[in-house]
Amino acid sequence: MNPLKIAIAGASGRMGRMLIEAVQEADDAILAGALDLPGASVGTDAAAFSGKPAGVAIESDLAKGLANAEYLIDFTRPEGTLQHLEYCAAHGIKMIIGTTGFDEAGKAAIAAAAQKTAIVFAPNMSVGVNVTMKLLEMAAKSFAEGYDIEIIEAHHRHKVDAPSGTALKMGEVVANAIGRDLKEVGVFAREGVTGPRDPSSIGFATIRGGDIVGDHTVLFAGIGERIEITHKSSSRVTYAHGSLRAARFLADKKTGLYDMQDVIGLR
């Protein structure tokens, strides 16, 4: 089997470097390109930080950075990802998108691009998180009545969007399981005299601080008991390994939009 030719967006960032290391360590993949914004890192070896140069320079020009790539793994910002998306769709490059914070128009653009190339789009590439999503779906159906639902998430001080994409996805999973629309029942801020809690609501609480990689808890609070389903990430390596698993999943796909539930067979 030919190795997966993978390019990494945001190559000089923390997640980008983790992805580069994961690709270099994989037996069935090679680093075929690296992208980043114009700056000091452009033109340098993408893996120089690891002491194991890859012979692949970081590029800001998409045509150069993706010239040899069959896949692009992208954990950047929505505006950057959408630019990459347009190029990849036009050139048949498959995408693994872990970027969060898209608005409805951005999500629609991803769905449209999936008619031209194969895409795995998920707010969290961790296998553990996606198993947790399945557990939440099962639990929510049993706790639809008589239990208040709250979602608490914590991330590092540098994260720019809130709530996290993973927390929002958890809210969507729970809401869909019990026949609610998260857009109608989601509560994202509380302050002052808020009045009694609406029993149909799904609340969100956000914590930002330090170097927390990612913690998510869904609380089902009933009378006399509460159930908490929690996932905690201690390293971004789980996202990198999940992204490679997603790339392998796309190997025989030409078009289509998938998520990690498809990748790990929980659909």
Side-chain angles (χ1 to χ4, degrees), residues 1-10 15-16 18-32 69-76 78 81 84-85 88-89 92-102 106-107 109-139 164-174 176-177 213-214 216 218 229 231-267:
M1 181 177 176
N2 293 326
L4 305 173
K5 297 177 181 178
I6 298 175
I8 304 299
M15 191 63 217
M18 186 72 72
L19 288 162
I20 287 169
E21 285 188 315
V23 170
Q24 284 194 296
E25 292 171 1
D27 294 332
D28 59 348
I30 59 171
L31 186 67
E70 297 174 343
Y71 304 81
L72 175 64
I73 302 178
D74 192 327
F75 280 72
T76 58
T81 300
H84 303 157
L85 178 74
C88 288
I93 298 170
K94 301 173 185 182
M95 289 190 73
I96 297 89
I97 301 174
T99 304
T100 60
F102 289 101
K107 293 176 183 178
I110 292 171
Q115 298 178 32
K116 299 178 180 179
T117 190
I119 299 172
V120 171
F121 173 40
N124 196 306
M125 296 289 173
S126 159
V127 171
V129 161
N130 284 280
V131 172
T132 301
M133 298 283 190
K134 194 66 176 180
L135 295 175
L136 288 172
E137 180 184 357
M138 296 167 60
S164 70
T166 301
L168 289 171
K169 183 64 177 178
M170 287 178 168
E172 289 174 3
V173 167
V174 169
N176 290 341
V213 175
H216 295 86
V218 178
I229 298 178
H231 179 276
K232 295 185 177 184
S233 295
S234 58
S235 170
R236 292 178 180 82
V237 72
T238 58
Y239 311 144
H241 290 166
S243 298
L244 286 176
R245 188 162 173 174
R248 295 180 184 110
F249 171 82
L250 291 181
D252 62 349
K253 312 290 189 300
K254 294 190 177 184
T255 61
L257 182 59
Y258 307 92
D259 62 17
M260 285 300 289
Q261 298 289 306
D262 298 304
V263 172
I264 61 179
L266 291 178
R267 185 59 65 204

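Sequence positions, counted from 1, serve as the residue numbers for this chain.
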Asker: Please name all residues satisfying side chain to side chain contact (heavy atoms under 4.5 Å, CB included) with Thr100, sequence neighbours left out, ordered by chain then number.
Answerer: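 Counting only residues at least two positions away or on another chain, Thr100 forms a side chain to side chain contact (heavy atoms under 4.5 Å, CB included) with Pro123, Lys159, Asp161.
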Asker: Which heavy atom of Gly242 sits nearest a heavy atom of Met260, and at what distance?
Answerer: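 Minimum heavy-atom separation between Gly242 and Met260: O-CE, 3.8 Å.
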Asker: Could you work out, with salt bridge (charged side-chain N to carboxylate O under 4.0 Å, His left out) as the rule, every residue matching Lys107, not counting sequence neighbours?
Answerer: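 Applying salt bridge (charged side-chain N to carboxylate O under 4.0 Å, His left out) to Lys107 gives Glu104.
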Asker: Output all residues satisfying ring-ring contact (aromatic ring centres under 6.0 Å, His included) with Phe75, sequence neighbours left out; order by chain, then residue number.
Answerer: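 Testing Phe75 for ring-ring contact (aromatic ring centres under 6.0 Å, His included), a comparison that skips the adjacent residues, returns none.
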Asker: Tell me the closest heavy-atom pair linking Ile6 and Ala247, and the distance in Å.
Answerer: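 Ile6 and Ala247 have their closest heavy atoms at CD1-CB, 4.2 Å.
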Asker: Considering only residues two or more places apart or on different chains, which pairs with a residue in residues 18-30 satisfy salt bridge (charged side-chain N to carboxylate O under 4.0 Å, His left out)?
Answerer: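 For residues 18-30, and leaving out neighbouring residues, the salt bridge (charged side-chain N to carboxylate O under 4.0 Å, His left out) pairs sorted by first residue read Asp28-Arg248.
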Asker: Under 6.0 Å from the NZ atom of Lys169, do we count more than 12 heavy atoms belonging to anything else shown?
Answerer: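 Incorrect, the count does not exceed 12.
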Asker: Sequence neighbours excluded, which residues qualify as side chain to side chain donor-acceptor pair (under 3.5 Å) partners of Ser164?
Answerer: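 Residues passing side chain to side chain donor-acceptor pair (under 3.5 Å) with Ser164: His216.
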Asker: Between Pro3 and Glu70, which heavy-atom pair has the shortest distance, and what is it?
Answerer: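 Closest approach of Pro3 to Glu70, heavy atoms only: O-OE1, 4.4 Å.
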Asker: Once you round to the nearest 0.5 Å, how far does OG of Ser126 lie from NE2 of His231?
Answerer: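 Answer for the OG-NE2 pair, Ser126 versus His231, is 3.5 Å.
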Asker: Would Thr117 and Ile93 count as a side-chain contact (heavy atoms from CB on, under 4.5 Å) if you check the C-alpha gap in whole Å, the side-chain angles of each, and the deciding distance to 0.1 Å?
Answerer: CA-CA 7 Å; Thr117 190; Ile93 298 170; 5.5 Å; no
Asker: What's the separation between atom OG1 in Thr238 and atom CE in Met125, rounded to the nearest 0.5 Å?
Answerer: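 With rounding to 0.5 Å, OG1 (Thr238) is 11.5 Å from CE (Met125).
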Asker: Apply salt bridge (charged side-chain N to carboxylate O under 4.0 Å, His left out) to Arg245 and list each qualifying residue two or more places apart in sequence or on a separate chain.
Answerer: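 Partners of Arg245 by the salt bridge (charged side-chain N to carboxylate O under 4.0 Å, His left out) criterion come out as none, since no residue qualifies.
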Asker: Applying side chain to side chain contact (heavy atoms under 4.5 Å, CB included), name anything that partners Gln261, two or more places apart in sequence or on another chain.
Answerer: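 Result, side chain to side chain contact (heavy atoms under 4.5 Å, CB included) vs Gln261: Asn130, Met133, Lys134, Asp259, Leu266, Arg267.
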Asker: Main chain of Glu172, side chain of Asn176: is a donor-acceptor contact present, judged purely on distance under 3.5 Å?
Answerer: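 Pair found, side chain donor or acceptor close to backbone of Glu172.
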Asker: So, Ser233 side chain and Ser235 main chain: donor-acceptor pair closer than 3.5 Å or not?
Answerer: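 No, because the side chain of Ser233 does not come within donor-acceptor range (under 3.5 Å) of the backbone of Ser235.
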Asker: Restricting to side chain to side chain donor-acceptor pair (under 3.5 Å), what partner residues turn up for Asp74, sequence neighbours left out?
Answerer: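 Expected list: Thr76, Thr81, His84, Thr99.
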Asker: Who passes side chain to side chain donor-acceptor pair (under 3.5 Å) against Thr132, sequence neighbours left out?
Answerer: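 Residues passing side chain to side chain donor-acceptor pair (under 3.5 Å) with Thr132: none at all.
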Asker: Indicate the atoms forming the closest heavy-atom contact of Val23 with Ile30, along with that distance.
Answerer: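 So the minimum-distance heavy-atom pair works out to CG1-C, 3.5 Å.
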Asker: Decide yes or no on side-chain contact (heavy atoms from CB on, under 4.5 Å) for Ile97 and Val120, but give the supporting numbers first.
Answerer: CA-CA 6 Å; Ile97 301 174; Val120 171; over 6 Å; no
Asker: What are the two closest non-hydrogen atoms of Ile229 and Leu135, and how far apart are they?
Answerer: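 Minimum heavy-atom separation between Ile229 and Leu135: CD1-O, 4.3 Å.
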Asker: Using 0.5 Å steps for rounding, measure from the OH atom of Tyr71 to the CD1 atom of Ile119.
Answerer: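 Output value for this atom pair is 13.5 Å.
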Asker: List in chain and number order the residues that pass side chain to side chain contact (heavy atoms under 4.5 Å, CB included) with Ala7, two or more places apart in sequence or in another chain; answer none if no residue qualifies.
Answerer: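 Expected list: Leu66, Ala69, Leu72.
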Asker: Partners of Lys116 by side chain to side chain contact (heavy atoms under 4.5 Å, CB included), sequence neighbours excluded?
Answerer: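 Only Ala89 meet the side chain to side chain contact (heavy atoms under 4.5 Å, CB included) criterion with Lys116.
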Asker: Going through the checks in order, is the side-chain contact (heavy atoms from CB on, under 4.5 Å) test met by Tyr239 and Val213?
Answerer: CA-CA 11 Å; Tyr239 311 144; Val213 175; 3.8 Å; yes
Asker: Can you tell me how far CD1 of Ile96 sits from CD1 of Ile73, rounded to the nearest 0.5 angstrom?
Answerer: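 Ile73 CD1 to Ile96 CD1: 5.0 Å, rounded to 0.5 Å.
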Asker: Would you please indicate if the ring centroids of Phe121 and Phe102 are separated by under 6.0 Å?
Answerer: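 Yes; Phe102 has its ring centre under 6.0 Å from that of Phe121.
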Asker: To the nearest 0.5 Å, tell me how far Met15 CE sits from Ser243 OG.
Answerer: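 Here the rounded value is 5.5 Å.
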Asker: How long is the gap from CG on Leu257 to CD on Gln115, to the nearest 0.5 Å?
Answerer: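 Separation between the atoms: 10.0 Å.
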Asker: Would a distance-only check, ignoring hydrogens and angles, find a side-chain to backbone donor-acceptor pair under 3.5 Å from Lys94 to Lys253?
Answerer: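 Such a contact is found between Lys94 side chain and Lys253 backbone.
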Asker: Sub-3.5 Å donor-acceptor pair from the side chain of Thr255 to the main-chain atoms of Ala118, do we have one?
Answerer: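 Flag not set: sc Thr255 to bb Ala118 has no pair under 3.5 Å.
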